[in-house]
*Asks:* 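The structure is given below, and queries will be raised subsequently.
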Amino acid sequence: MKNSKTQIAPLTERHAWQALAIHFERVRQLQLRTLFADDPQRGERMTAEAAGFYLDYSKNLITDETLKLLLQLAEESGLRARIDAMFGGEKINITEDRAVLHVALRAPKEASIVVDGENVVPRVHTVLDKMADFCDRVRSGQWRGHTGKRILNVVNIGIGGSDLGPVMAYEALKYYSDRAMTFRFVSNVDGTDFAEAVRDLDPARTLFIASSKTFTTLETMTNAHSARDWVLAGFDGDVKSVARHFVAVSTNAEAVAKFGIDTANMFGFWDWVGGRYSMDSAIGLSTMLAIGPANFRAMLTGFNRMDEHFRSAPFARNLPVLMGLLALWHNNFFGAQTVAVLPYEQYLKRFPAYLQQLTMESNGKHVSLDGNRVPCDTSPIYFGEPGTNGQHSFYQLIHQGTRIIPCDFIAFSKSLNPLGEHHDILLANMFAQGEALAVGKTREEVEAQGTPDWLVPHRVFEGNRPSNTLLADSLTPETFGSLVALYEHNVFTQGAIWNIGSFDQWGVELGKQLAQAIIGELASEEEPALAHDSSTNNLIRRYRKLKKGSL
Ligand code: G6Q
């Protein structure tokens, strides 16, 4: 294997894995109800705390022995060396020959992280300072639009990693944002996304951020060109207007200049920042514009606190490691195919959507770093909704369906918007869900309520459904940063044990290539010669006819 220093045994040949397989047969029938009854301290013992978060993992299908073996698996899988390699700037993204250094984006000024012989931390802070200066100017009204009006609207154009983090962070930290400003996010190449985002905006007061690491992404470039046309239309075609209404975030200065954006108004980042790990880089410019430089830096401090915890805490007390191992245990041994992330915090409404990319693009791989097929399932499917909304929707399946769906409950003890009894009601619901999932309701308990015999089976809750609960004091920029970093490193932990490349995304390429060919076939005046499968050929022909109204 390229770049590998230590040889790790294939997953199923590792002692801890084999021991876990034997152990699983012994514990698969254990009931959480019994585990709690037999060990009154379980709920206090199986907890850990770091960077403002309290993790209760006692409601997982584990015993002390399970935990011991999982921690052994982490050691045997070389997790410690992997973590050190990431933080040390090694090129652990081997299929793209890149370092993986989102942790450098939140490293304090005095830190040193060396890539290819260069300490990258000063460069990170130079860009942060440039962003802060720009954000101060826009927020104070010093930076004005082409006709001298103050900028009040910011539209981020980007997709995937250049969109999901910024939207999620904007929503999460809206409480701290400048409410005089409007923020919109355009990602989809569906023209509706752009049209709806700008329909009520005044070009004279609107700033576009073209966010694209490569500055070649089809969707983003298409939307950026439409935005340029929209701006020009607002200023009678005066091309000088572009400089006041467009800035770019990219690693590709040449393409930015070619698009017509002055590179003085470009905020850079580097190839060692993966798209889905880029929200702390200049890709977070919209976040900084919304919440201001000081809050943005507080968010980075939160990320950094969790980074330091992940890097240095013993695995037995390491939140991302514990969460990664527990997810893997339920996935690989109990066959759980999904994980539900359930924030009882309205501001985190986009967090599950953000996590879909973070988790599934990172660990949705079937080949390990040595090129062989992984001998077990890799990333579970992550999904979720804020509580309590989800309770009135898909929780039915979590409680009484046929599958195990491990849940992560997330909440803050103080509401940012205290309102009567709301917060107690919210949190009571979250605690109740965890309890109901773990403990369930037995046949005897249902019968004791006088339920008719025929109805009893429908009202029984088997329980034994695993969950984690994460609690923090309140949703601040800092706790938010720690939360995101917690999931980043949770993903890292799982990927390291499967020995997969968590930082590439070759799986998104094929569809992109095929689409390029099909775009021409849809647009061509002449009937194109089609050489796809018969279904695709037929669909293309049908679409062409419908478009022309000739069907
Ligand atoms: C993330 C992926 C992907 C990427 C988008 C946008 O890890 O690489 O989601 O962020 O494809 O790419 P650009 O920023 O280059 O436009």
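No experiment lies behind these values; they were computed from the predicted model shown. Ligands are counted one by one from 1 in listed order, and the atoms in each one are counted from 1 as well.
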*Asks:* Please check: side-chain N/O of Asp377 versus main-chain N/O of Asn332, any donor-acceptor pairing under 3.5 Å?
*Replies:* no

*Asks:* Do Phe394 and Phe383 have ring centres separated by under 6.0 Å?
*Replies:* yes

*Asks:* For ligand 1 and Ser162, I'd like to know whether there is a polar contact (N/O to N/O, distance under 3.5 Å).
*Replies:* yes

*Asks:* CG/Leu285 to CZ/Phe296 distance, rounded to the nearest 0.5 angstrom?
*Replies:* 8.0 Å

*Asks:* Under 6.0 Å between the ring centres of Phe134 and Phe267?
*Replies:* yes

*Asks:* Side chain to side chain contact (heavy atoms under 4.5 Å, CB included) with Ser393: which residues, sequence neighbours excluded?
*Replies:* none

*Asks:* For Glu219, state whether at least one heavy atom is located under 4.0 Å from any atom of ligand 1.
*Replies:* no

*Asks:* Is the shortest distance from atom 9 (O) of ligand 1 to a protein heavy atom below 4.0 Å?
*Replies:* yes

*Asks:* Considering Thr216, Thr217, Leu218, Ile283, which one's heavy-atom position lies nearest to atom 16 (O) of ligand 1?
*Replies:* Thr217

*Asks:* Is Thr214 close to ligand 1, meaning an N/O of one under 3.5 Å from an N/O of the other?
*Replies:* yes

*Asks:* Which option wins on minimum heavy-atom distance to atom 1 (C) of ligand 1: Glu361, Gln505, Lys213?
*Replies:* Glu361

*Asks:* Measure from the side-chain N and O atoms of Ser362 to the backbone N and O of Phe503, and report whether any donor-acceptor pair falls under 3.5 Å.
*Replies:* no

*Asks:* Out of Arg276, Met221, Gln357, whose heavy atom is nearest to atom 3 (C) of ligand 1?
*Replies:* Gln357

*Asks:* Is it the case that atom CD in Glu254 sees more than 12 heavy atoms from other parts of the structure closer than 6.0 Å?
*Replies:* no

*Asks:* Using a 3.5 Å cut-off on N or O atoms only, is Gly161 in polar contact with ligand 1?
*Replies:* yes

*Asks:* Quick one: nearest non-hydrogen protein atom to atom 6 (C) of ligand 1, plus distance?
*Replies:* Ile159 O, 3.2 Å

*Asks:* Need the ligand 1 atom indices (1-based, order shown) with element for anything under 4.0 Å from a heavy-atom of Ser212.
*Replies:* 13 (P), 14 (O), 15 (O), 16 (O)

